[in-house]
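See below for the structure under consideration.
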Amino acid sequence: MSRSCAVPAFPSLSRCNMALRRVLALAAALGRRSCCSKPPLPPDFVQALRAVVGAPNVSTATAVREQHGHDESMHPCAPPDAVVWPQAVGQVQELAALCHRRRVPMVPFGTGTGLEGGVNAVQGGVCFDLSRMDAIAELSLEDFSVTVEPGVTRKALNKHLRGTGLWFPVDPGADASLCGMAATGASGTNAVRYGTMRPNVLNLRVVLPDGRLLHTAGPGRQPRKRAAGYDLTSLFVGSEGTLGFLTQATLRLHPLPEATAVTIASFPGVGAAVACTVQVLQAAVPVARIEFLDEVMADACSRFSGMGLPVAATLLLELHGSRRSLAEQQQQMEEIVQQNGGSSLAWAEGLEEREKLWSMRHNAWYAALALRPGCQGYSTDVCVPISRLPDVVVETKQDLQASSLTGPMVGHVGDGNFHCILVFNSQDPEEAQRIHAFTQRLGRRALAAGGTCTGEHGVGLGKRALLQEELGQEGLDTLRSIKAALDPHNLMNPGKVL
Amino acid sequence: MAALRVLVGVKRVIDFAVKVRVAPGGAAVQTQGVKHSLNPFCEIALEEAVRLREAGAATEVVVATLGTKASQETLRTALAMGADRAVLAELAEGAAAGPREVAVALAALARRLQPQLVLLGKQAIDDDCNQTGQILAAILDWPQGTFASRVSLEPGAVQVQREVDGGLETLRLRLPAVLTADLRLNEPRYATLPNIMKAKKKPLEVVPAADLGVPAGPPRLRLLQLQEPPPRAGGEKVESVESLLGKLRHAGRI
């Protein structure tokens, strides 16, 4: 499977690390286009952009373009040729129509917190930074829905909702743009109970690649369920900017839990922790968050946050409910944990205590990097059926040890989704090669178990080959037909997903 | 245990996330159609009071505000967060009040309700005055513990840890006392739907501000003028150090 690739010259990527690029050239999916030197945008075109949004809202400055050419992933920075900041959906439409006429690629940009290179402008073009469109509108407390534009992040929305008794529970960790979260089909620690983005998006206002405006559930509508035609909302959720611009999302809100309790349980081994998870779900305990840390991750997080946890496979559990139902859930949980050889549970119920435990978990990325200072991190993202989770996790751990890789594991085990945070020296091509081989084996292991190569991060730049294996030829051809129907000139975020 | 009532003073302010604009005329900010909410420091004070009651150290939490009818919404939020009852010292529409007026109203309420503890936020995020708690303590002649970052009740007294410029200072005050809450005192809870429903039934008394001795007429503190900061001008690149020094001198910066 491994093959050596000659690394093409990237004259426009002067600031990026050579070794990093080599790693990614090795790790990149087949067919990733090289970002060769392309002619800059013609001056009359840039002038036309300025005419739409005003000169201060168009930039071709190198620093600005580079800032918009990467996200939080390891994919090398691929700056666009220009960045624009539309202030209203009409401007997005005009800009899109302009780019469409001139066949210029377009890349949507929210907060740049993605993990798969979704905003990297591998074919150049214009980056549409939508963060200035930040209206929160149509909040309905009776219908539990709200409408947000791309500049609204999930934390900003929840602060806005303070005092209403409602919240938006999808929590991918980063303070990401909600429309961006819709674009990547984001998930997070609460998905096991509240769902991922897909079930929580009721309607999307999309600007299509030619500038036409589409409301996926019809303009101004947010029924809680509908059977009217093909589910366009679901099509655009997770489209990663390849089918259009998500300029507004109508979201489903949920009531805040009356009471919350969090606990940590340590287990004699990974198998026991994962088996416990499976049993919790099969017992139909409505657990709100169930997060797994392997012993390497538990140790790293504990040291990073000064928590003094035992070095063992660990589950971090959160329960939501009324006071009475919480007590019942706690009891059920204690029984199941004990049956699986877990440690006895101490429950944190106060807000500050609970936040302390979760911020320890949320710092997992940094805690992992702290294991080998000076190294880079890469997160895998497979998701398998719950019944196969124990085997897949145990095999993956064995693979990590056999490959001598540092890859602490953290996972939303309630969904069968786990991440290996691979910490490696990007200057070492041999280690980079082992990383690449490992991630390929992991992806295939997940596919063989009936799962997916990406549970929540998206396909982006790096998983296109695995997508083919996952969906099969018919699946991929169907995706391509849809893409061709909506974006025949392949202008929307080219080089991603397909 | 002996009854220990806590009076919490709160203020309805423009929400912290709103971009505030000066109204034409320069005498006020635009408030029409702008999102308002409970002042964050008042929320912290209220949270502390509710926690004291939940821990059994206090028996009742009364929340009060001096404001127009719109402030009722703010009081309902406070009730949803756990206050037992609310009092609105009502101002006429369009009337304004400053720290002095609020302190007079709260002092009158304190004499009526006989709380052992008055908790306020250290300042409001609209005027940043940081005066109401202090003026109130002076009117009542009660001890004050301002910028509180930790509060613990003892029989007949309260121990307060204060955030001061040099670090932390701990005081023990005889009750009754006035405390003002600083940021690190606690993390306020979010109101949940069942509590919001229950809050609708909790008592909310409306008292005309004049009945509490708040003088009619403009507040003691007069706002002379408001203006927005000048729009940000573009930067300038210079070719040499001499040129930089010349420009700085010309701008009167050196």
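Residue numbers start from 1 in every chain, and the chains themselves are labelled A, B, ... in the order their sequence lines are given, proteins ahead of strands. Predicted, not measured: the structure shown is a model, and the values here were computed from it.
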Excluding sequence neighbours, so at least two apart, what forms side-chain contact (heavy atoms from CB on, under 4.5 Å) with B/L175?
B/L4, B/Q116, B/L117, B/L153, B/V158, B/A177
Between B/R51 and A/E352, does at least one N-O distance fall below 4.0 Å, as a salt bridge requires?
yes
Interface check, chain A: of B/S37, B/A17, B/A191, most non-hydrogen pairs under 4.5 Å belong to B/A191
Are the side chains of B/Y190 and A/L351 in touch, meaning some heavy atoms are under 4.5 Å apart?
no
If you count heavy-atom pairs under 4.5 Å with chain A, which of B/L193, B/I196, B/N195 comes out on top?
B/L193
Taking atom NZ as the centre, does B/K247 end up with more than 12 heavy-atom neighbours from other residues, nucleotides or ligands that are less than 6.0 angstrom away?
no
How would you list, in number order, the residues of residues 162-176 of chain A that have a heavy atom less than 4.5 Å from chain B?
A/R162, A/G163, A/T164, A/G165, A/L166
Under 3.5 Å: donor-acceptor pair, side chain of B/K35, backbone of A/H160:
yes
Tell me if the CD atom of A/Q331 is crowded by more than 12 foreign heavy atoms within 6.0 Å.
no
So what's closer than 4.5 Å to chain B heavy atoms on A/P56: side chain, backbone, both or neither?
neither
Within a radius of less than 6.0 Å around CZ of B/R150, do more than 12 heavy atoms belonging to other residues, nucleotides or ligands occur?
no
Contact residues of residues 62-80 of chain B (partner chain A; heavy-atom separation under 4.5 angstrom)
B/T77
B/R189 side, atom CZ; A/T260 side, atom OG1 - distance, nearest 0.5 Å
11.5 Å
Using a cut-off of 6.0 Å, state whether more than 12 heavy atoms not belonging to A/K356 lie near its atom NZ.
no
Just jot down the side-chain contact (heavy atoms from CB on, under 4.5 Å) partners of B/Q159, sequence neighbours excluded, or say none.
B/S152, B/E154, B/T170, B/R172
